[in-house]
Asks: 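This is the structure I want to talk about, given as structure tokens.
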Protein chains: 2
Amino acid sequence: MSQSRPYHHGDLRSALLASAERTLREKGAAALSLRELARDIGVSHAAPGRHFKDKQALLDALALGGYDRLNRALTAADLPDATFEPRITSLARAYITFAVDNAELLELMYSRKHDPDIDSELADAVELSLCSFVNLIADAQRRGEIVEGDPERVTLVAAAGIHGLAAMTSNGTLQPDETLAGLDHYAHLLLHGLKPR
Amino acid sequence: MSQSRPYHHGDLRSALLASAERTLREKGAAALSLRELARDIGVSHAAPGRHFKDKQALLDALALGGYDRLNRALTAADLPDATFEPRITSLARAYITFAVDNAELLELMYSRKHDPDIDSELADAVELSLCSFVNLIADAQRRGEIVEGDPERVTLVAAAGIHGLAAMTSNGTLQPDETLAGLDHYAHLLLHGLKPR
DNA sequence: ACCTGAACACCGTTCAAGT
DNA sequence: ACCTGAACACCGTTCAAGT
């Protein structure tokens, strides 16, 4: 709320990202326009070009911010001393909650638009988001709670399942409350298998 | 290859869809422009408007076509008389193969852009794609091969996992050959669980 | 019924010039 | 270093008019 806008915005980059995420949440990725962002912030339409080389660069930065928050949420929800079942349930709940609260952002994060050769930061963030699950599996194996085998491979069974639940929930195939309510059941089936005991 | 283009194209709608899918595959969804499509086909830029009320309608039609092909692939790969493990492996292989061969299209199919209230045809197609999995689970339950319980709920464990594998493979997180090679292992873990026996 | 051509209101991106 | 204003080459969509 500064009187008589100064020539320099001060922190245009942050302002652009914040405004972009609001638009993303309210009107979807298709409605994101650099010119409209600039208009909303009260800056010339060419100004964003100083901070993002093109629109894709802004989308990449948005996705990177999303992974940062997702990774923080996963880390916060991790229960390193818990046994497999409550631990994966907690991680899954954090992931699904993030998916529900940030559906459009998650779609952007998943999208193939980000060239990993160009944006290695993003590739690192994606890998980091898998880390919580790899750690969970490795710990559980060390304790003899789950089967042996390449942790990355075993992780896939858990991570792909939760990724799928998150994607299906965020894109509307599944109801958020149903998905969250079914998580305990899900973890149980994952651990004990579909085969009757 | 008609000499001296006639005034009427003949089957502009199909031509637009075919050209759009080629662009989608070669240059991605972001590069899709109705005007460029019209130019490639050799028709005025306003002509597409006769067949699709707006760009989103063309994207919806593209996604619908994708689900048709996916559903045909799943039906063809289904082995109604097989036991659970080979049957789900076959379905998963078909799904992943489709995901690898149609990565950009799959992203479009998954996207939240399609309003189900407006395009109920698409919602039906999505549900149909889950049908193969629901049938598989229901049959296996009837034979006592897998645990009892709401088929839709149990299906989720299998469908979400495969959906996740497909998404992660199509967006580059997973290598296609590794995913396909790990499918038997995946199906085994799904059936027997992560817990050591 | 199907398509054209012009028109309208937007875009993203670039670049000399301003502060 | 950061931003502006004009310019360029694009868009999607609409609508009278043509075939």
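None of the values given here were measured: they were computed from a predicted structure. Numbered from 1 within each chain, the chains take letters A, B, ... in sequence-line order.
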Asks: Please report, rounded to the nearest Å, how far the C1' atom of D:dT4 is from the CD1 atom of A:I41.
Replies: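 Interatomic distance, CD1 of A:I41 to C1' of D:dT4: 16 Å.
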Asks: NA contact type, A:R39, heavy-atom cut-off 4.0 Å: base, sugar-phosphate, or nothing?
Replies: sugar-phosphate
Asks: In whole angstrom, what separates A:L37's CG from C:dC10's P?
Replies: 16 Å
Asks: Considering non-hydrogen atoms only, spot the tightest contact between A:S170 and A:A99 and give its length.
Replies: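 Looking at all heavy atoms of both residues, the shortest contact is CB-O, 3.7 Å.
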Asks: Is there a donor-acceptor contact under 3.5 Å linking the side chains of A:H114 and A:D60?
Replies: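 Yes, a side-chain donor-acceptor pair sits under 3.5 Å.
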Asks: Given a 3.5 Å cut-off on both pairing distances, which stems involving DNA chain C, each at least three consecutive Watson-Crick or G-U pairs, are present, if any?
Replies: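 If one scans DNA chain C for consecutive Watson-Crick or G-U pairs, the stems found are C:4-8 with D:12-16, C:12-16 with D:4-8.
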Asks: For DNA chain C, what residues of residues 44-57 of chain B have any heavy atom nearer than 4.0 Å?
Replies: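 The stretch gives B:S44, B:H45, B:A46, B:A47, B:R50, B:H51 as the residues lying under 4.0 Å from the strand, ordered by number.
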Asks: Using a strict cut-off of less than 4.0 Å between a Lys/Arg side-chain nitrogen and an Asp/Glu carboxylate oxygen, indicate whether B:K27 and B:E36 qualify as a salt bridge.
Replies: yes
Asks: Less than 4.0 angstrom between a side-chain N/O of B:S33 and OP1 or OP2 of D:dC10, yes or no?
Replies: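 So the side-chain polar atoms of B:S33 never come under 4.0 Å of the phosphate oxygens OP1 or OP2 of D:dC10.
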Asks: Kindly write out the residues that satisfy salt bridge (charged side-chain N to carboxylate O under 4.0 Å, His left out) with B:R142, not counting sequence neighbours, or none if the list is empty.
Replies: B:D139
Asks: Measure CD/A:E36 against P/C:dA9 and give the value in whole Å, please.
Replies: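 So the CD-P distance, A:E36 to C:dA9, works out to 17 Å.
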Asks: Please answer whether the main-chain N or O of B:A77 pairs with a side-chain N or O of B:S90 as donor and acceptor at a distance below 3.5 Å.
Replies: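 Indeed, once roles are kept as given, a pair shorter than 3.5 Å links the two residues.
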Asks: Regarding A:E21 and A:R69, does a basic nitrogen lie under 4.0 Å from an acidic carboxylate oxygen?
Replies: yes
Asks: 5'-most contact on DNA chain C: B:L12 or B:R35, nearest heavy atom basis?
Replies: B:L12
Asks: Please determine, by modelled atom types, if A:S132 and A:N135 share a side-chain donor-acceptor pair under 3.5 angstrom.
Replies: no
Asks: Count the heavy atoms of every other residue, nucleotide or ligand shown that sit under 6.0 Å from CZ of B:R197, and state whether that count exceeds 12.
Replies: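 Counting other residues, nucleotides and ligands, CZ of B:R197 stays at 12 neighbours or fewer.
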